[in-house]
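Working notes for the structure below.
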Amino acid sequence: MTQILCNRCAAPAGPLEWRCDHCGGSLDFVELPPFDPARIDRRDFSLWRYRAMLPVKRRFSLGEGKTPLVPAELDGARFHAKLEYLNPTGSFKDRGTTTLLNHFAACGVREAIDNSSGNAGASLAAYAGVGGMSATVFVPAATAVESKKRLIRSFGGHIIESRDYLTDVYAAAERTAYASHAWSPYFVLGQQTAAWETWEQLGRAPDAVATPVGHGGLFLGFYRGFKALHEAGLIERIPRMIALQSAGVDPIVRAWEAKADAPAPLDPGPSVADGILVDAPVRGPAILRALYETEGFALRLSDGAILAAQERLHKRGLMIEATSAVTAAALPQIRQEIGAEATLVLAFTGSGLKSIGDPA
Ligand SMILES: [Zn+2]
């Protein structure tokens with residue numbers, strides 16, 4: 001079995017551990033199967049076409065992955081939109097949930113929990129249902145949106161509303177398998193497939209990739225996926241990685257500006273980008289290393305800029321949630337930094353269909 005070690009103290013971890021038993025550090029795979037284009041199953045039009053590169057056996061799937069990569073333009077700034085919101089439950093989370101829950105199924109898990117304000121909870125509930133597991137999602141009592149709670153319930157998930165939902169989910173994780181989209185290395189594992197698809201769809205690596213960043217699962221997935229392609233000699237360089245956050249909760253932007261190794265604690269403010277309100281990203285140091293190594297950068301966007309970008313994308317048929325609009329809101333600054341001609345991929349992470357009719 002592929003080995004998993006603590007990022008801080010290098011202690012080995014068991015298959016269902018979500019953080020290091022010794023020091024509480026985050027966990028990652030030591031070594032993954034090398035990327036080999038000859039081993040892509042080209043008859044499979046889901047992310048499982050890359051299963052030879054994933055140390056998880058597929059037992060069930062909703063056809064996740066293989067999302068479109070669409071050329072688009074806004075105010076003369078061109079980009080490629082990776083439509084992650086077209087995954088089965090309407091967000092990129094499905095890439096990581098499928099690898100994580102297929103792993104859980106192999107371990108005989110019957111009951112899974114996570115904490116989430118929306119997309120990860122819906123994804124967990126859906127995949128747990130398909131895999132014959134029960135799903136319980138801890139949601140923040142104060143801020144969880146009604147429409148997202150409805151979606152979790154529709155997929156068959158149970159909801160526990162909690163004032164201190166992190167403390168409560170960590171306590172529950174002592175006795176129940178924690179399908180954490182923030183902590184689990186199996187979740188980040190599945191996110192790498194976004195990079196491999198982009199490479200196949202473009203026929204090369206883009207010059208830059210920008211994603212919204214909360215815990216940074218998709219950001220790190222893209223980075224690690226392109227790194228695997230680079231190590232296999234298939235691309236000349238890893239794209240410049242661009243991390244986008246809201247002005248309300250911007251720990252990665254602050255750390256990047258300060259050239260720090262890790263994000264510092266901060267008092268989170270409000271923001272319309274409800275999918276990335278993470279004040280202490282679990283893999284903060286890894287996100288920062290990816291920024292420095294790829295000569296990437298981090299930007300914060302105001303609510304006004306995010307909402308204006310979202311509205312304009314909706315008018316172009318791109319039905320994204322506000323969190324995803326940080327990418328388009330950042331376009332002028334990104335183009336200024338990378339130039340007009342560089343190939344740029346923006347990840348549109350979550351569906352706006354989930355929140356239509358919600359109060360703004
Ligand atoms: Zn440790």
Side-chain angles (χ1 to χ4, degrees), residues 1-8 10 12-13 25-42 44 46-58 65-67 69 80 82 84 92 95-96 98-100 102-103 184-211 213 215-243 256 261 282-297 338 342-345 347:
M1 185 176 255
T2 319
Q3 212 187 4
I4 293 174
L5 297 183
C6 171
N7 284 318
R8 201 187 291 158
S26 65
L27 307 172
D28 269 311
F29 291 96
V30 179
E31 200 177 353
L32 289 167
F35 190 91
D36 178 355
R39 300 185 74 199
I40 300 173
D41 179 354
R42 295 177 193 277
D44 187 328
S46 77
L47 63 75
W48 292 99
R49 67 201 270 108
Y50 307 111
R51 61 183 173 277
M53 277 68 83
L54 300 170
V56 180
K57 188 168 179 283
R58 178 187 58 184
K66 257 314 186 173
T67 57
L69 184 73
H80 287 80
K82 183 70 170 152
E84 288 299 284
F92 77 97
R95 289 186 190 275
T98 195
T99 43
L100 175 53
N102 273 285
H103 164 66
S184 174
Y186 283 90
F187 183 87
V188 186
L189 175 75
Q191 300 297 336
Q192 295 183 78
T193 58
W196 300 338
E197 288 174 16
T198 301
W199 168 73
E200 276 199 85
Q201 288 164 318
L202 276 178
R204 63 186 194 283
D207 298 309
V209 175
T211 77
V213 170
H215 278 294
L218 183 60
F219 177 93
L220 284 173
F222 266 115
Y223 165 72
R224 291 177 183 182
F226 282 118
K227 193 177 167 89
L229 294 173
H230 186 251
E231 282 166 0
L234 296 164
I235 60 174
E236 271 176 38
R237 54 168 291 177
I238 301 169
R240 294 179 75 178
M241 295 299 305
I242 304 167
W256 177 77
D261 295 335
V282 164
R283 287 182 165 70
I287 296 168
L288 288 162
R289 279 198 304 276
L291 288 174
Y292 300 136
E293 186 194 317
T294 65
E295 292 171 4
F297 51 98
I338 69 174
T343 311
L344 169 67
V345 170

Of all residues at least two apart in sequence or in a different chain, which pass the side chain to side chain donor-acceptor pair (under 3.5 Å) check with Arg289?
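By the side chain to side chain donor-acceptor pair (under 3.5 Å) rule, Arg289 matches no residue at all.
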Which residues satisfy the side chain to side chain donor-acceptor pair (under 3.5 Å) test with Thr198, sequence neighbours excluded?
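Here no residue qualifies.
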So Val209 and Met241, side chain to side chain contact (heavy atoms under 4.5 Å, CB included) or not? Walk me through it.
CA-CA 5 Å; Val209 175; Met241 295 299 305; 4.2 Å; yes
Taking all non-hydrogen atoms of both residues into account, name the closest pair between [X] and [Y] and its distance.
X      : Y      : result
Gly217 : Val188 : O-CG1, 4.3 Å
Leu47  : Glu197 : CB-OE2, 4.0 Å
Phe297 : Leu291 : O-CD2, 3.5 Å
Arg42  : Pro37  : NH2-O, 3.4 Å
Pro239 : Ala205 : CG-CB, 4.4 Å
Ala243 : Val213 : CB-CG2, 3.6 Å

Listing request: all salt bridge (charged side-chain N to carboxylate O under 4.0 Å, His left out) pairs with a residue in residues 230-240, at least two apart in sequence or in separate chains.
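Salt bridge (charged side-chain N to carboxylate O under 4.0 Å, His left out) check on residues 230-240 returns Arg240-Glu337.
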Report, one line per pair, each donor and acceptor closer than 3.5 Å where one atom sits in a side chain of residues 219-229; sequence neighbours left out.
unit_1, atom_1, unit_2, atom_2, d
Tyr223, OH, Glu293, OE1, 2.4
Tyr223, OH, Glu293, OE2, 3.2
Arg224, NH1, Asp28, OD1, 2.8
Arg224, NH2, Asp28, OD2, 3.2

Roughly how far, to the nearest 0.5 Å, is [atom2] of [Y] from [atom1] of [X]?
X      : Y      : atom1 : atom2 : answer
His80  : Gln201 : NE2   : CD    : 9.5 Å
Leu218 : Lys82  : CG    : NZ    : 10.0 Å
Arg283 : Leu27  : CZ    : CG    : 7.5 Å
Thr211 : Ile242 : OG1   : CD1   : 9.5 Å

Side chain to side chain contact (heavy atoms under 4.5 Å, CB included) between Asp207 and Ile338, intermediate numbers included
CA-CA 8 Å; Asp207 298 309; Ile338 69 174; 5.9 Å; no
Give the intermediate values and the outcome of side chain to side chain contact (heavy atoms under 4.5 Å, CB included) for residues Leu189 and Leu32.
CA-CA 9 Å; Leu189 175 75; Leu32 289 167; 3.8 Å; yes
Run Leu54 and Tyr186 through side chain to side chain contact (heavy atoms under 4.5 Å, CB included) and show every step you take.
CA-CA 10 Å; Leu54 300 170; Tyr186 283 90; over 6 Å; no
Name of the residue among Gln192, Gln191, Glu84 meeting side chain to side chain donor-acceptor pair (under 3.5 Å) with Arg95
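Of the listed residues Gln192, Gln191, Glu84, the side chain to side chain donor-acceptor pair (under 3.5 Å) partner of Arg95 is Glu84.
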Selection residues 49-58 - residue pairs positive for side-chain hydrogen bond (donor to acceptor under 3.5 Å, both in side chains), sequence neighbours left out
Asp41-Arg51, Asp44-Arg51, Asp44-Arg58, Arg49-Glu200, Tyr50-Glu200
Taking only residues two or more places apart in sequence, or in another chain, which ones meet Trp48 in a ring-ring contact (aromatic ring centres under 6.0 Å, His included)?
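Scan of Trp48 (ring-ring contact (aromatic ring centres under 6.0 Å, His included), adjacent residues dropped) gives none.
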